[in-house]
Amino acid sequence: MAGESLRWWVGILLFVGAIVSTQSMQDECAVEIYEKIFKPALGQIKNPYVLVEFFASWSPPSKEFKPHYDRVACMFNEPDPVHANEVFVTKVDCALESNKMLCARFDIQSYPTLYWGPSEVVASGSAFSKEDSGLQSVSGSAVSTAEDLLQWINKRLNKKYSLTDAKPEPEIHKPILEMKQSPGVYGIWKNPATLHDVEEATAQAFSYMMDEKMMRSSSRGSFIQFMHLLERHHPSERCRKGSAKILQNLVEFWPLRQPPRSVLKKQQLCGPGLPRGFWDSCDGVGRGYSCGLWMLFHSLTVRVEDFEGSFALTAIEAFVDDFYKCDHCRNQFRNMTSRITHESTSTKKDVVLWLWRTHNKVTELVAREESRVKGHSPRKLWPPENECPPCRDIPNGDSEWDEEAVYYFLLEFYGLKGAELQYRYSKVVTSEKSVVVPYWAAVSIGLASLGCAMATCYSRVHKLKFKYRLA
């Protein structure tokens, strides 16, 4: 019986390892966009062609098509494309109420439906301008596998790409911070932003947004913008799912030109048990929610794409303007940002540094007020020199800060760590070779190794028993 039990465990472990390896290899490379940023996003990309999948998250055919679409998307999209600068592969969820007009514009009758064309044509096109503009569409059922879809794309590009095409060997990079620091210091900070505080701030922010004094019909647009930002870029999966649920049921929760219904106030944006009522790194007098909210904003901005920069900036400003309860704080924030011209070309870096500058300006104002009242203030500009020495290593002496170093510090501190930071955001190429093992491979290797070890153990025990019987 013990042998049979061990044999079952070995089989289960090897089976689970195979599943983890297979499923985790399916990266999500298709970029999801929505109506608010559809035109500016496609207008800014440099790829000559765009492929858009109009799908519905509840649709079984859409769910079946998803791994095939993502497999093709990974060949063309960042972070590690096989064929870069050819096609921008994106998708739009027609199940979201805020995307209804966009899906109607392209006359989507079944899910999924794909549209193809030059970037600028797709950005401003519609189903009624297809013939003259070079816009083409195809039903997902006609290209239901990754092989079929790639062949369909090949005909339009006049290429012979294959799903087995090898990826170019990636260049190994060193983060700019590592190059700036003295030997022996590797840019590892002791107090990284905690997910606990970001979730706590999100849950509290949602409860404040549900205040009857805040929920005016005029604030519905700001609410939708901020929910889209959370749904796309919140570091917590359960907060993203909660935001997506609200957006999918927005017609029921908050009908147009009507006050929000009570069912919206009952939603638990980040799941049950939140807010918890206590803080981790934001614990302390004068910190708490305001600290957590800044942490949330920073965590969102480091995750946006370049084409979302202007939208992210506007969404954060609209949230503060419509839903932040402290009038004095809101007025300070508005005064600091009202002088900023929101260019449609605002990049991720622009927004990350804009928020950092604004945060430090607010810190300076609060510190001056505290010093006037109490005679001193513990608040200091961030990051302090001991946490980021390169941030004060000024190359030209014109400023107190080296903003290039600050930018990479913010990316690392608020969520983009390790190999992902090295690959996506560093600038210095080195000849050193290193191997970065993806998490799915590490897990699969671990499970498979454990399974093999147990199989070997079982085999040896079985042989010993057989040898004993012969004796």
Colleague: As an exercise, state the distance from CG of D70 to NE2 of H68, rounded to the nearest 0.5 Å.
Modeller: 11.0 Å
Colleague: Restricting to pairs with a member in residues 52-62, which pass side chain to side chain donor-acceptor pair (under 3.5 Å), not counting sequence neighbours?
Modeller: S57-D93, S57-Q248, S59-S62
Colleague: Any side-chain heavy atom of V31 sitting closer than 4.5 Å to one from V89?
Modeller: no
Colleague: Output all residues satisfying ring-ring contact (aromatic ring centres under 6.0 Å, His included) with W356, sequence neighbours left out; order by chain, then residue number.
Modeller: W401
Colleague: Among all residues two or more places apart in sequence or in another chain, which pass the side-chain hydrogen bond (donor to acceptor under 3.5 Å, both in side chains) test with D165?
Modeller: H83
Colleague: Report the distance from atom CE of M75 to atom CD1 of I153, rounding to the nearest 0.5 Å.
Modeller: 8.5 Å
Colleague: Is there a side-chain contact between V320 and F297 in this structure, where contact means two heavy atoms from C-beta onward sitting under 4.5 Å apart?
Modeller: yes
Colleague: First locate atom SG of C239, then atom CG of L274, and finally report the distance between them rounded to the nearest 0.5 Å.
Modeller: 7.0 Å
Colleague: Would you please name every residue forming a side-chain hydrogen bond (donor to acceptor under 3.5 Å, both in side chains) with T202, sequence neighbours left out?
Modeller: H234
Colleague: How close do G140 and L114 get, heavy atom to heavy atom, and via which atoms?
Modeller: CA-CD1, 4.3 Å
Colleague: Determine whether a donor-acceptor pair (N or O, by modelled atom type, separation under 3.5 Å) exists between the side chain of R303 and the backbone of Y414.
Modeller: yes
Colleague: With the threshold set at 4.0 Å, does a side-chain nitrogen-carboxylate oxygen contact exist between R220 and E97?
Modeller: yes
Colleague: For T145 and D148, run side chain to side chain donor-acceptor pair (under 3.5 Å): C-alpha distance rounded to whole Å, both residues' side-chain angles, the deciding distance at 0.1 Å, then the answer.
Modeller: CA-CA 5 Å; T145 67; D148 291 341; 3.2 Å; yes
Colleague: Over all heavy atoms of both residues, which pair between L135 and G117 is shortest? Give the atoms and the distance, please.
Modeller: CD1-CA, 4.4 Å
Colleague: Identify which one of V82, L51, V87 satisfies the side-chain contact (heavy atoms from CB on, under 4.5 Å) criterion when paired with F76.
Modeller: V87
Colleague: Check for a donor-acceptor pair, side chain of N360 on one end and backbone N or O of L381 on the other, with a separation under 3.5 Å.
Modeller: no
Colleague: Can you check whether K100 reaches V251 side chain to side chain, under 4.5 Å on heavy atoms?
Modeller: no
Colleague: Taking only residues two or more places apart in sequence or in another chain, which ones pass side-chain hydrogen bond (donor to acceptor under 3.5 Å, both in side chains) with S139?
Modeller: S141
Colleague: Name all residues meeting the ring-ring contact (aromatic ring centres under 6.0 Å, His included) criterion together with F106; count only those two or more places apart in sequence or in a different chain, and write none if there are none.
Modeller: F38, F54, Y115
Colleague: Under the side-chain hydrogen bond (donor to acceptor under 3.5 Å, both in side chains) rule, collect the residues that match up with N85, sequence neighbours excluded.
Modeller: none
Colleague: Which is it for L229 and M227 under the side-chain contact (heavy atoms from CB on, under 4.5 Å) test, yes or no, and what are the steps along the way?
Modeller: CA-CA 5 Å; L229 191 59; M227 286 297 108; over 6 Å; no
Colleague: Look up atom CG in L296 and atom NE2 in H233, then write down how far apart they are to the nearest 0.5 Å.
Modeller: 12.5 Å
Colleague: Using a strict 4.0 Å threshold on nitrogen-to-oxygen distance, state whether E404 and K349 make a salt bridge.
Modeller: yes
Colleague: Can you give me the closest heavy-atom contact between C29 and N77, atom names plus distance?
Modeller: O-ND2, 2.9 Å
Colleague: Please check: side-chain N/O of Q267 versus main-chain N/O of V263, any donor-acceptor pairing under 3.5 Å?
Modeller: yes
Colleague: How far apart are the C-alpha atoms of F55 and V92, what are their side-chain angles, what is the distance that settles it, and do they pass the side-chain contact (heavy atoms from CB on, under 4.5 Å) test?
Modeller: CA-CA 6 Å; F55 73 104; V92 174; 5.6 Å; no
Colleague: Could you tell me whether E400 and R392 make a salt bridge, using a distance below 4.0 angstrom between a side-chain N and a carboxylate O?
Modeller: yes
Colleague: Quick one: does W152's side chain get under 4.5 Å of V72's, heavy atoms only?
Modeller: no
Colleague: With rounding to the nearest 0.5 Å, note down the distance linking CZ in F253 to NZ in K266.
Modeller: 11.0 Å
Colleague: Please name all residues satisfying side-chain contact (heavy atoms from CB on, under 4.5 Å) with P384, sequence neighbours left out, ordered by chain then number.
Modeller: W382, N386, E387
Colleague: Please name all residues satisfying ring-ring contact (aromatic ring centres under 6.0 Å, His included) with F206, sequence neighbours left out, ordered by chain then number.
Modeller: none
Colleague: Quick one: are P235 and V198 in side-chain contact, heavy atoms under 4.5 Å?
Modeller: yes
Colleague: Sequence neighbours excluded, which residues qualify as ring-ring contact (aromatic ring centres under 6.0 Å, His included) partners of H228?
Modeller: Y34
Colleague: Report the C-alpha separation of S222 and D322 in whole Å, then their side-chain angles, then the decisive distance to 0.1 Å, and conclude whether the side chain to side chain donor-acceptor pair (under 3.5 Å) test is met.
Modeller: CA-CA 7 Å; S222 300; D322 283 340; 2.5 Å; yes
Colleague: Apply side-chain contact (heavy atoms from CB on, under 4.5 Å) to L410 and V406, showing your working.
Modeller: CA-CA 6 Å; L410 295 171; V406 170; 3.9 Å; yes
Colleague: Is there a salt bridge (charged side-chain N to carboxylate O under 4.0 Å, His left out) between E370 and R379? Walk through the geometry before answering.
Modeller: CA-CA 9 Å; E370 287 181 344; R379 303 179 189 274; 3.0 Å; yes
Colleague: Run K348 and T301 through side-chain contact (heavy atoms from CB on, under 4.5 Å) and show every step you take.
Modeller: CA-CA 7 Å; K348 171 201 190 85; T301 58; over 6 Å; no
Colleague: Do E86 and N47 come close enough that some side-chain heavy atom pair is under 4.5 Å?
Modeller: no
Colleague: Would you say the side chains of D197 and S281 form a donor-acceptor pair under 3.5 Å?
Modeller: yes
Colleague: Is the distance between the ring centroids of H196 and F278 under 6.0 Å?
Modeller: yes
Colleague: Mind listing the closest non-hydrogen atom pair of A41 and I45 along with its distance?
Modeller: O-CG2, 3.3 Å
Colleague: List the atom of S207, the atom of Q204, and the distance in Å for their closest heavy-atom pair.
Modeller: OG-O, 2.6 Å
Colleague: Tell me whether the guanidinium CZ or amine NZ of R357 lies under 6.0 angstrom from the six-membered ring centre of W354 and within 45° of its axis.
Modeller: no
Colleague: With a 6.0 Å cut-off on the ring centroids, do F226 and F319 count as close?
Modeller: yes
Colleague: Please name the pair of heavy atoms, one in V50 and one in S119, separated by the smallest distance, quoted to 0.1 Å.
Modeller: CG2-OG, 3.5 Å
Colleague: Tell me, do W294 and V362 make a side-chain contact under 4.5 Å, heavy atoms counted?
Modeller: yes
Colleague: Can you list every pair that meets salt bridge (charged side-chain N to carboxylate O under 4.0 Å, His left out) and has a residue in residues 32-41, with sequence neighbours left out?
Modeller: none
Colleague: Can you find a heavy atom in the side chain of F311 that is under 4.5 Å from one in the side chain of L313?
Modeller: no
Colleague: Determine, stepwise, if the pair Y289 / E200 fulfils side chain to side chain donor-acceptor pair (under 3.5 Å).
Modeller: CA-CA 8 Å; Y289 176 62; E200 186 73 9; over 6 Å; no
Colleague: Restricting to pairs with a member in residues 229-251, which pass salt bridge (charged side-chain N to carboxylate O under 4.0 Å, His left out), not counting sequence neighbours?
Modeller: E199-R238, R232-E308, E237-K241
